[in-house]
Amino acid sequence: MTASDATEATAVSDGVTARFVRRPAVGSSAIAIAAGSVAAALVADTTLQREILRLALVGVLAFGIGGRSARRGGTALGVLGALVALGGGLVVLVAMGRAVTQPPQVTHRIELLPGIVGLWALSASLAPVRFGWSRALIDVGTGFVFLGVLATGVTQGVGTTALLLATLATILAWDAAENAVSVGGQIGVQRGARTVRTELAHVGVAAGVGAGAVAVVLGVAGLDIDGLPFGALVALVAGSAILVLGSDR
């Protein structure tokens with residue numbers, strides 16, 4: 001455990017003193033990874049892209065789960081976690097190599113690679129090596145995932161609806177990851193901390209606002225106005241700004 005995790009003595013209900021450990025909340029972390037994965041999957045429109053993405057997701061999950069376990073220190077579980085995280089990282093690197101070399105079209109490589117890099121960075125932000133790095137890694141990770149969505153929009157590899165849903169999923173991934181860090185920083189992971197219900201409520205509000213933005217944009221898309229794919233994305237990003245402003249951060 002690093003000094004930046006800000007541990008301090010905390011009394012729990014049974015009289016035992018536990019250290020306060022800052023670490024992203026598990027529930028919101030899982031939702032963030034799931035939402036980012038959905039975003040990347042929605043814009044993977046070929047069989048090979050989806051196959052490579054599935055391989056990357058196995059590595060990302062192993063890296064994140066192993067990374068959190070490794071932070072337990074010198075215990076057997078910590079050592080096993082470090083090995084799992086290392087193996088997961090190697091799997092992600094293999095997936096990245098395949099994403100760069102195997103898709104026959106360059107555009108397919110450009111669409112796929114940012115999503116894999118972004119998911120890996122997002123997983124690293126929620127493990128994490130140092131708690132203080134989490135927010136920067138969240139921005140980098142979701143930024144790369146969204147870059148993959150935008151690249152698909154440029155190449156028009158998928159339809160407007162898929163692009164909108166992928167954008168919404170990226171926003172939810174960012175919001176859930178930020179909430180994981182906020183909750184983990186305020187409450188920590190010491191015994192007695194139960195935050196899943198609050199985390200789910202937060203995600204529900206974010207999803208509701210985002211779904212409303214998608215419905216509005218799809219309604220406008222039904223008017224058959226030229227050039228809507230990018231216009232729709234811009235509108236949904238504006239909706240995400242409302243989501244951020246409406247949150248209680």
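- Nearest heavy atoms, Gly141 versus Ala121: CA-CB, 3.7 Å.
- Taken together through direct or relayed side-chain contacts under 4.5 Å among Ile, Leu, Val, Met, Phe, Trp and Tyr, Val60 and Ile65 form parts of separate hydrophobic clusters.
- Put simply, CE on Met96 and CG on Leu112 are 10.5 Å apart, with the number rounded to the nearest 0.5 Å.
- When each of Leu150, Leu147, Asp45, Thr46 is checked for a side-chain contact (heavy atoms from CB on, under 4.5 Å) with Glu111, only Asp45 meets the rule.
- Judged purely by atom type and a 3.5 angstrom limit, Arg68 uses its side chain to pair as donor or acceptor with the backbone of Leu126.
- Residue pairs meeting the ring-ring contact (aromatic ring centres under 6.0 Å, His included) criterion with at least one member in residues 101-124, sequence neighbours excluded: Phe63-Trp120.
- Note that CZ of Phe144 and CG of Leu122 are 13.0 Å apart. Values are rounded to the nearest 0.5 Å.
- Distance check, rounded to the nearest 0.5 Å: CD of Gln49 to CD1 of Ile116 gives 9.5 Å.
- Taking hydrophobic clusters as Ile, Leu, Val, Met, Phe, Trp and Tyr residues chained together by side-chain heavy-atom distances below 4.5 Å, Leu119 shares a cluster with Val100.
- By the criterion of side-chain heavy atoms lying less than 4.5 angstrom apart, applied directly or through intervening Ile, Leu, Val, Met, Phe, Trp or Tyr residues, Leu93 is grouped together with Val140 in one hydrophobic cluster.
- Between Val203 and Ala176 the shortest heavy-atom distance is CG2-CB, 4.3 Å.
- The shortest heavy-atom contact between Ile52 and Gln102 is CD1-OE1, 4.2 Å.
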Would you mind writing out the side-chain donor-acceptor pairs for residues 25-34 within the sub-3.5 Å range, not counting sequence neighbours?
unit_1, atom_1, unit_2, atom_2, d
Ser28, OG, Asn179, ND2, 3.3
Ser28, OG, Glu199, OE1, 2.8
Ser29, OG, Ala25, O, 2.6

With side chain to side chain contact (heavy atoms under 4.5 Å, CB included) as the criterion, how do Thr170 and Val149 come out once you've worked through the C-alpha distance, each side chain's angles and the decisive distance to 0.1 Å? CA-CA 9 Å; Thr170 306; Val149 175; 4.1 Å; yes
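- Pairs of residues two or more places apart, or lying in two chains, that qualify as side-chain hydrogen bond (donor to acceptor under 3.5 Å, both in side chains) and include a residue from residues 137-146 are Asp139-Trp174.
- With rounding to the nearest 0.5 angstrom, the CD atom of Glu178 is 9.5 Å from the OG atom of Ser134.
- The shortest non-hydrogen separation linking Leu53 to Ala44 is CD2-CB, 4.4 Å.
- The structure places OG1 of Thr167 at 6.5 Å from CD1 of Ile171, a figure rounded to the nearest 0.5 Å.
- Checked against side chain to side chain contact (heavy atoms under 4.5 Å, CB included), Val91 has the following partners two or more places apart in sequence or in another chain: Leu55.
- At a threshold of 4.5 Å between side-chain heavy atoms, the hydrophobic network of Ile, Leu, Val, Met, Phe, Trp and Tyr places Leu61 and Val58 in two separate groups.
- With side-chain heavy atoms closer than 4.5 Å counting as contact, directly or through intermediates, the hydrophobic cluster containing Ile110 also holds Val106.
- Side-chain N/O atoms of Arg135 and Ser182 include a donor and acceptor closer than 3.5 Å.
- Summarising the geometry of Pro103 relative to Ala99, their closest heavy-atom pair is CD-O, 3.4 Å, with the distance given to 0.1 Å.
- Within the 4.5 Å cutoff, the side chain of Ser125 has no heavy atoms near those of the Val181 side chain.
- Of all heavy-atom pairs spanning Gly36 and Val145, the tightest one is O-CG1, 4.2 Å.
- Under the salt bridge (Lys or Arg N to Asp or Glu O under 4.0 Å) criterion, Arg98 pairs with Glu51, not counting sequence neighbours.
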